[in-house]
Student: 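First the structure, then my questions, so here it is.
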Amino acid sequence: GLGCWLACGIGAVVVAALTDYLVRFRDPGIRVLATLGVAAVLGWSAYRYVYRPWTVSWRDVDLARRVQMRFPALGDDLASAMEFLGQADDDPTAGSLALRRAIVARAADASAGLDFRQVLRPGPAWLAGLAAVGAALAAGLMASADPTSAQIAVARLTEPLADIPWPQVHHLAVQNPIQRLARGQAFELEVVDSQGAHFPSEVRVHYRFRNSDGSEDVESEPMRLVKGMMVARRERVTRPFSFRVEGGDDRAMPWHPVEVVDPPAIASLRVTLTPPEYTGWRPERSEGNIRALAGTRAEIAATATKPLVSAILVANGQASESRLSSDGRQLIVPAESGPEWILDKSGSYGFRLTDRDRITTDGEDARWEIRVVPDAPPTVSLDEPRPGENLFVAPQAVVPLAITAGDDLAIQRVELQFTRSDRPGTAPVKQSLDAGPAQAKPARQSAAASEKTRGQGERRSIRYAWQLGELKLPPGTQVTFWIEAADYKP
């Protein structure tokens, strides 16, 4: 009975202490219930295994019945003999005295050679003792593995209402504390354990929003483990909030306020477009979207809504610094030491702005279009004679030529080029058919309108009487000729 009582009592203490160690009860009420549970197990097991067996009074007749169960050959004689021996010889209710004595004598003869000690069963006592020793060893091993925790667990169990805290295991810390955030941007949170402990099974971030009427809304969501950190992300934040993180036994992180401010932006913008020099076009201005001839040089002067510490132009994936004024509100592209911005392909552009509060915009919210119009090479066609039409003429013949040349901007020259079979290996002879000025005149169309008028540009029809007599061609000579046109693009 003592072995069972010790096994139950020690087991109850170990289970309660181990549960408190793993769960870390914070509610005193739960700790009180755990203490009462251990006390109930101790009381019940003491009553069941110690008090009741100790207080039971065994009669000789009851013991005789137990012996008869072990030695069936005795039948019921032993119990009857014990009962008859307790009766007086002259008891009128006991029946025949001779019969009683005969049963007693028969029981004595039958039990004379029996060893009544075989009735005792030591196995249950040994098992109960081993259970008590095993429970004590388990408790001792747990206490020796972590003596401090064992002392705390027992102290919390014996004094459930006392303020005896567990040593904190998790120490969550914000890796990237954010105090200000641009309106409309995403909020990203990274949390680590400051002492390198493993993260608990669940870490949650709580967001607290204050409404205009003074009430508060609290939202929470689980964080994700990414590369050894717990991370959370909230898209397009538009109002201020506070946040805190809880996980494991770390529930003491204070609320961290986050102020939501308007990000820096471009208030006004003017683009100056300087076309390539060969076009002869005058510079023009644009208010944001750009449409220009390939090779045009662009310059930007802009005003920001807030003082800036950095402004980076991001055009077609390429970044370049801007020059800022002393007050940080004016920006110019290109910077003094930066390369010129030459437009060579279509796309878009924007600005990555950083104000003096270190609020940065990524340049994706406000973007402008870039439409670059390529300067196509000129076209030329031989209308008379038709290409591939071989002519047989006399050495003094006059060959009429009809040519059509066109360009999307302007034609600089049209030339007749030919070779002679009587002078093999010599360079082609060039003869001008039409020529414009050395430099293009100021255009009749602007760079912004060049896309709309593409294909209209300039078109010339040329008729030329080719005097073959001037070439002094021997009879039988073969002349191969073609027409070449050029525009002003180098």
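Just so it is clear, the structure is predicted and the values come from calculations on it, not from any experiment.
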Student: Quick one, V399 with F481, criterion side-chain contact (heavy atoms from CB on, under 4.5 Å). Give me CA distance, side-chain angles, the key distance, then yes/no.
Tutor: CA-CA 12 Å; V399 178; F481 72 95; 5.6 Å; no
Student: Considering residues, nucleotides and ligands other than Q318, do more than 12 of their heavy atoms fall under 6.0 Å from its CD?
Tutor: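 Not buried by this count: 12 neighbours or fewer within 6.0 Å.
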Student: How far does CZ of R244 sit from OG of S220, to the nearest 0.5 angstrom?
Tutor: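 It is 11.0 Å, given to the nearest 0.5 Å.
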Student: Do D344 and V372 have side-chain heavy atoms sitting under 4.5 Å apart?
Tutor: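 Heavy-atom side-chain distance check fails, nothing below 4.5 Å.
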Student: With a sphere of 6.0 Å drawn around CD of E216, does it hold more than 12 non-hydrogen atoms of other residues, nucleotides or ligands?
Tutor: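 Atom CD in E216 is packed in, count exceeds 12.
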Student: Can any side-chain N or O of D217 pair as donor or acceptor with the backbone N or O of F209 at less than 3.5 Å?
Tutor: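 No, D217 side chain to F209 backbone: no donor-acceptor pair under 3.5 Å.
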Student: Carefully, step by step, assess D357 and V261 under the rule side-chain contact (heavy atoms from CB on, under 4.5 Å).
Tutor: CA-CA 10 Å; D357 292 328; V261 299; 5.7 Å; no
Student: Heavy-atom count around Y21 OH within 6.0 Å, excluding the residue itself: above 12?
Tutor: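 No, because the 6.0 Å sphere around OH of Y21 holds 12 heavy atoms or fewer from other groups.
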Student: W368 vs F351 aromatic rings, parallel, tilted or perpendicular, using cut-offs 30° and 60°?
Tutor: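 W368 vs F351 ring planes: perpendicular.
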Student: Is a donor on one side and an acceptor on the other found under 3.5 Å between the side chain of T35 and the backbone of L157?
Tutor: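 Checking the backbone N and O of L157 against the side chain of T35, a donor-acceptor pair under 3.5 Å is found.
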Student: Walk me through whether E321 and I312 qualify under side-chain contact (heavy atoms from CB on, under 4.5 Å).
Tutor: CA-CA 5 Å; E321 286 283 348; I312 298 177; 3.9 Å; yes
Student: Check whether NZ of the Lys or CZ of the Arg R234 lies under 6.0 Å from the centre of the six-membered ring of Y207 and within 45 degrees of that ring's axis.
Tutor: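 R234 over Y207 ring: yes.
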Student: In the structure I gave you, are the side-chain heavy atoms of P276 and K489 within less than 4.5 Å of one another anywhere?
Tutor: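 Contact flag for P276/K489 side chains = no.
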Student: Quick one: side chains of residues 139-152, donor-acceptor pairs under 3.5 Å with protein atoms, not counting sequence neighbours, listed by atom name and distance.
Tutor:
| residue | atom | partner | partner atom | Å |
| --- | --- | --- | --- | --- |
| S144 | OG | G140 | O | 3.1 |
| S144 | OG | L141 | O | 2.9 |
| D146 | OD1 | S149 | N | 3.3 |
| D146 | OD1 | S149 | OG | 3.2 |
| D146 | OD2 | S149 | OG | 2.6 |

Student: Tell me, with the steps shown, if V205 and M230 meet side-chain contact (heavy atoms from CB on, under 4.5 Å).
Tutor: CA-CA 10 Å; V205 56; M230 301 301 295; over 6 Å; no
Student: Out of curiosity, D250 CG to Q195 CD, how far, rounded to the nearest 0.5 Å?
Tutor: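 D250 atom CG to Q195 atom CD measures 10.0 Å (nearest 0.5 Å).
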Student: Backbone N or O of F25 within a donor-acceptor pair of the D20 side chain at under 3.5 Å?
Tutor: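 A pair under 3.5 Å: yes.
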Student: For a quick test of reading the model, state the closest non-hydrogen atom pair linking P428 to Q417 and the distance between them.
Tutor: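 Minimum heavy-atom separation between P428 and Q417: CB-OE1, 4.5 Å.
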Student: Look up atom CZ in F187 and atom CZ in F243, then write down how far apart they are to the nearest 0.5 Å.
Tutor: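 Between atom CZ of F187 and atom CZ of F243 there are 4.0 Å.
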Student: Does T419 reach the side chain of W482, with side-chain heavy atoms less than 4.5 Å apart?
Tutor: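 Contact flag for T419/W482 side chains = yes.
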Student: Could you check if a side-chain atom of Y349 sits within less than 4.5 angstrom of a side-chain atom of V271, using non-hydrogen atoms only?
Tutor: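 Touching, per the 4.5 Å side-chain cut-off.
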Student: Could you check whether any side-chain heavy atom of R180 comes within less than 4.5 Å of a side-chain heavy atom of R358, counting everything from C-beta outward?
Tutor: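 R180 vs R358: side chains apart.
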Student: Should K306 and D355 count as an ion pair when the cut-off is N to O under 4.0 Å?
Tutor: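 Yes.
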Student: Is there a side-chain contact between V260 and R239, using heavy atoms and a 4.5 Å cut-off?
Tutor: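 No, side chains not in contact.
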Student: Between R251 and E246, is the closest basic N to carboxylate O distance under 4.0 Å?
Tutor: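 A salt bridge links E246 with R251.
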Student: Please check if the side chain of D249 supplies one atom and the backbone of V169 the other of a donor-acceptor pair under 3.5 Å.
Tutor: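 Checked: pair present.
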Student: Check whether any side-chain N or O of R291 sits under 3.5 Å from a backbone N or O of R371 as a donor-acceptor pair, and report yes or no.
Tutor: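 The answer is no, because no donor-acceptor pair under 3.5 Å joins these two groups.
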Student: Measure the spacing between CZ of R459 and OG1 of T404 and express it to the nearest 0.5 Å.
Tutor: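 If I round to the nearest 0.5 Å, the distance is 5.5 Å.
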Student: Minimum heavy-atom separation for L172 and G247, please, with both atom names.
Tutor: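 That would be CD1-N, 3.6 Å.
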Student: Does CZ in R356 sit with more than 12 non-hydrogen atoms of other residues, nucleotides or ligands closer than 6.0 Å?
Tutor: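 Yes, CZ of R356 has more than 12 neighbouring heavy atoms, counting only those of other groups under 6.0 Å.
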Student: Atom CD1 of I462 and atom CG of D434: how far apart are they, to the nearest 0.5 Å?
Tutor: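 Taking CD1 in I462 and CG in D434, the distance rounds to 4.0 Å.
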Student: Backbone N or O of A311 within a donor-acceptor pair of the S322 side chain at under 3.5 Å?
Tutor: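 Answer holds: yes.
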Student: Salt-bridge test for R297 and E299: reply yes if a basic N is under 4.0 Å from a carboxylate O, no otherwise.
Tutor: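 Salt bridge present between R297 and E299.
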Student: Which atom pair, heavy atoms only, marks the closest approach of E458 to I411?
Tutor: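 Residues E458 and I411, closest heavy atoms: OE1-N, 2.7 Å.
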Student: Any donor-acceptor pair under 3.5 Å linking the side chain of H170 with the backbone of H198?
Tutor: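 Yes; at least one donor-acceptor contact below 3.5 Å.
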Student: With a 4.0 Å cut-off on N to O distance, would you call R329 and D327 a salt bridge?
Tutor: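 So R329 does not pair with D327 through a salt bridge.
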Student: Any side-chain to backbone donor/acceptor pair from T158 onto V154? Under 3.5 Å, distance only.
Tutor: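 Yes, T158 side chain to V154 backbone: donor-acceptor pair under 3.5 Å.
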Student: With a 4.5 Å limit on heavy-atom distance, are the side chains of T296 and I290 in contact?
Tutor: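 Counting from C-beta outward, T296 and I290 never come under 4.5 Å.
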Student: Has E159 got a side-chain atom pairing as donor or acceptor with L161's backbone, closer than 3.5 angstrom?
Tutor: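 Here the side-chain-to-backbone pair does not exist.
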Student: Atom CG of L308 and atom CG of L331: how far apart are they, to the nearest 0.5 Å?
Tutor: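 Between L308 CG and L331 CG, I get 6.5 Å after rounding to 0.5 Å.
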Student: Ignoring hydrogens, what is the shortest heavy-atom contact between A132 and A7? Give both atom names and the distance.
Tutor: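 Smallest heavy-atom distance, with atoms named: N-CB, 3.9 Å.
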Student: Scan side-chain atoms only and decide if Q330 and T303 contain a donor-acceptor pair under the 3.5 Å cut-off.
Tutor: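 The criterion, which ignores hydrogens and geometry beyond distance, is satisfied for T303 and Q330.
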Student: In terms of heavy-atom contacts, does CD of E235 have more than 12 from other residues, nucleotides or ligands at under 6.0 Å?
Tutor: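 Result for CD/E235: enclosed.
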Student: So does R183 have more than 12 non-hydrogen atoms from other groups sitting under 6.0 Å from CZ?
Tutor: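 Correct, the count exceeds 12.
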Student: Students often mix this up, so state it plainly: with edges at 30° and 60°, are the rings of W255 and H206 parallel, tilted or perpendicular?
Tutor: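 It falls in the perpendicular class, over 60°.
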Student: Going by heavy atoms in the side chains, are L416 and I483 under 4.5 Å from each other?
Tutor: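 Yes, side chains in contact.
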Student: If you draw a 6.0 Å radius around CD in E277, do more than 12 non-hydrogen atoms from other residues or ligands fall strictly inside?
Tutor: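 It does not: E277 CD has 12 such atoms or fewer within range.
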Student: Which residue is it: I266, T305, I359, T360? I am looking for the one with a side-chain contact (heavy atoms from CB on, under 4.5 Å) to L353.
Tutor: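 Per the side-chain contact (heavy atoms from CB on, under 4.5 Å) rule, the option paired with L353 is I266, out of I266, T305, I359, T360.
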Student: Inspect the contact between K430 and E484 and indicate whether a charged nitrogen and a carboxylate oxygen are less than 4.0 angstrom apart.
Tutor: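 Judged by the 4.0 Å cut-off on N to carboxylate O distance, E484 and K430 do not form a salt bridge.
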Student: Show the nearest heavy-atom pair for residues P374 and D408, with the distance to one decimal.
Tutor: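 Distance-wise, the nearest heavy atoms are O-OD2, 3.6 Å.
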Student: Search all heavy atoms of V398 against all heavy atoms of A465 and return the closest pair with its distance.
Tutor: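 Heavy atoms of V398 and A465 come nearest at CG1-CB, 3.7 Å.
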